[in-house]
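Heads up, the thing below is written out as structure tokens.
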Amino acid sequence: MASCVLRSWRLPFAMSNQLSGNGCTEDFGNGAERCVHVQDLWKWRLVLAYDGTKYSGWQYQERPTTVQYMVENALLKITKLGRKDLHFVGASRTDAGVHAWGQVAHFTTPFSFDQLESLHAGLNGILPHDIRVREISAVQPKFHARYSATKKTYHYKIYNGTIMDPFQHAYAYHCAHKLNVDAMRQAAEYFIGKHNFSAFITMSRDGFPKDPRREIFHFDVLKMLEIEGSGFFYKQIRNMVALLLEIGKEALPPDIILDVLASCDRRRLAKLACVAQPQGLCLISVSYVATDLEPPPGSPKSCFGRHPQINKCILPYY
């Protein structure tokens, strides 16, 4: 469980007459969605990186603490807005123990900022060291961190040595069995394309998805597993990795993937493999249509962080 004392932070901002907005459906991170009329609001995009070891996933909850809870509370302290006014939404609801380098989220404000450097520094000053804001930018009103996403890329790291490296235990899954990488690579190709992934979906508290189909664009086995797709269900990637590991151990043939996919039955997979551990999984990036990321007129420049400056002290000559 993560614990952090959130410090108050003063941030100057400017009200702007160049406002934008439209109606959209917002997800408040707790499984509840409702249609809200977002009018005269500015929308902002965050790119986040975090070590998920101490957190109970992304989705908002106070105890056990989640990443969304920590970031949202930092935003509330800076903007002085209420949670319902902020409409803070993440692109991917990563599981407990899963990491991210390129998580994307958005929030709204009824005002614009003079510049984003102070906001950026303020958020990272409030947040604990295992959560960082990498980028802040203004985006189009129609942009939605989750529903506008066109592609998500994940890495799953496997440490395939007899003795686990203690410096990697929090960021890789240890498999001491010798793995047949060629067999895993052959099996991964069966996932590419649009499929019904019912057999690879673990039931979540939100229930079973209405449409269990997803498209996998790329799945490669190099030094780590790299998977790109239109989206992923609860524990879907970890279930896919678990089956690939059994194939790598040569306990199952590569074409077992086709059999499990065709079954559309989670019980079929459960007889073959247990879900892979979360620490090896990392959300690398979320992709969007370029026009959705264009800043509205009059918005401040995007901020990628700033280097601190040292003021030179010139001593008088004696």
Side-chain angles (χ1 to χ4, degrees), residues 92 94-95 97-102 149-165 168-169 171-203 208-209 211-287:
S92 182
T94 53
D95 303 334
V98 174
H99 314 294
W101 172 248
T150 58
K151 182 177 69 175
K152 297 179 182 179
T153 302
Y154 282 85
H155 285 175
Y156 193 94
K157 188 173 183 180
I158 301 169
Y159 187 84
N160 193 207
T162 56
I163 300 174
M164 182 60 183
D165 182 346
Q168 298 191 47
H169 78 280
Y171 309 103
Y173 168 68
H174 180 213
C175 180
H177 294 83
K178 187 175 181 180
L179 296 174
N180 184 335
V181 177
D182 290 334
M184 294 175 67
R185 187 175 292 117
Q186 178 185 348
E189 292 181 357
Y190 291 123
F191 283 121
I192 297 175
K194 193 169 187 177
H195 303 285
N196 183 325
F197 281 97
S198 295
F200 292 89
I201 302 172
T202 299
M203 184 72 72
F208 198 81
D211 184 1
R213 294 173 298 173
R214 285 291 185 269
E215 184 173 2
I216 305 300
F217 305 130
H218 170 80
F219 200 155
D220 204 355
V221 182
L222 301 170
K223 292 184 178 180
M224 62 184 71
L225 306 184
E226 181 178 77
I227 179 170
E228 296 177 352
S230 58
F232 301 95
F233 298 108
Y234 182 56
K235 295 186 179 180
Q236 177 187 338
I237 295 178
R238 290 165 58 192
N239 284 324
M240 295 164 71
V241 170
L243 190 55
L244 286 180
L245 284 169
E246 294 302 316
I247 293 169
K249 296 173 187 177
E250 299 183 343
L252 296 169
D255 59 4
I256 192 68
I257 301 290
L258 297 175
D259 176 68
V260 177
L261 282 171
S263 73
C264 297
D265 188 349
R266 179 68 180 86
R267 293 171 296 181
R268 174 65 176 135
L269 177 63
K271 295 177 181 179
L272 302 173
C274 297
V275 62
Q277 295 179 10
Q279 71 272 17
L281 188 60
C282 182
L283 172 60
I284 299 300
S285 64
V286 184
S287 301

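Every value quoted in this text rests on a predicted model; they were computed, and no experiment measured them. Values below: every heavy atom of this structure, side chains too, minus hydrogens, waters and symmetry copies.
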Value rounded to 0.5 Å, distance of OH in Tyr156 from CZ in Arg238: 7.0 Å

Exceeds 12 heavy-atom contacts within 6.0 angstrom, atom NE2 of His218: yes

Side chain to side chain contact (heavy atoms under 4.5 Å, CB included) between Arg266 and Ile201, worked out: CA-CA 7 Å; Arg266 179 68 180 86; Ile201 302 172; 5.8 Å; no

For the student: nearest non-hydrogen atoms of Leu272 and Glu246, plus distance: O-CG, 3.7 Å

Atom pair NE2 (His99) and CD (Gln279), whose distance is rounded to the nearest 0.5 Å: 7.0 Å

Beyond-backbone contact of Val98 with Leu283, side-chain heavy atoms, under 4.5 angstrom: no

More than 12 heavy atoms from other groups under 6.0 Å of CG on Leu222: yes

Return all side-chain donor-acceptor pairs below 3.5 angstrom for residues 173-181, not counting sequence neighbours, or 'none' if the list is empty.
unit_1	atom_1	unit_2	atom_2	d
His174	NE2	Gly161	O	2.7
Asn180	OD1	Asp182	N	3.2
Asn180	OD1	Ala183	N	3.0
Asn180	ND2	Glu250	OE2	2.8

Point-to-point distance, once rounded to the nearest 0.5 Å, from CD1 of Ile158 to CG of Leu225: 4.5 Å

Steps toward side chain to side chain contact (heavy atoms under 4.5 Å, CB included) verdict (Ile227, Phe191): CA-CA 10 Å; Ile227 179 170; Phe191 283 121; over 6 Å; no

Minimum heavy-atom distance Gly231-Gln236, with the two atoms named: O-OE1, 4.3 Å

Interatomic distance, Phe197 atom CZ to Arg214 atom CZ [nearest 0.5 angstrom]: 10.0 Å

Side-chain donor or acceptor of Arg268 paired with backbone N/O of Val260 under 3.5 Å: no

Tyr171 vs Lys157, side chain to side chain contact (heavy atoms under 4.5 Å, CB included): CA-CA, chis, key distance, verdict: CA-CA 7 Å; Tyr171 309 103; Lys157 188 173 183 180; 5.5 Å; no

Atom pair CE (Met224) and CD1 (Ile284), whose distance is rounded to the nearest 0.5 Å: 7.0 Å

Closest heavy-atom pair and its distance - Leu244, Ala188: CD2-N, 3.9 Å

Side-chain (Thr150) to main-chain (Ser287) donor-acceptor, under 3.5 angstrom: yes

Salt bridge (Lys or Arg N to Asp or Glu O under 4.0 Å) contacts in which one or both residues fall within residues 224-236, not counting sequence neighbours: Lys151-Glu228

Partners meeting side-chain hydrogen bond (donor to acceptor under 3.5 Å, both in side chains) with Ser92 (sequence neighbours left out): Tyr154

Atom pair CG (Leu269) and OG1 (Thr202), whose distance is rounded to the nearest 0.5 Å: 8.0 Å

For the student: nearest non-hydrogen atoms of Ala276 and Val241, plus distance: CB-CG1, 4.0 Å

Nearest atoms (heavy-atom pairs only) where Ile257 meets Tyr190: CG2-CB, 3.6 Å

For the student: nearest non-hydrogen atoms of Trp101 and Cys282, plus distance: N-SG, 3.7 Å

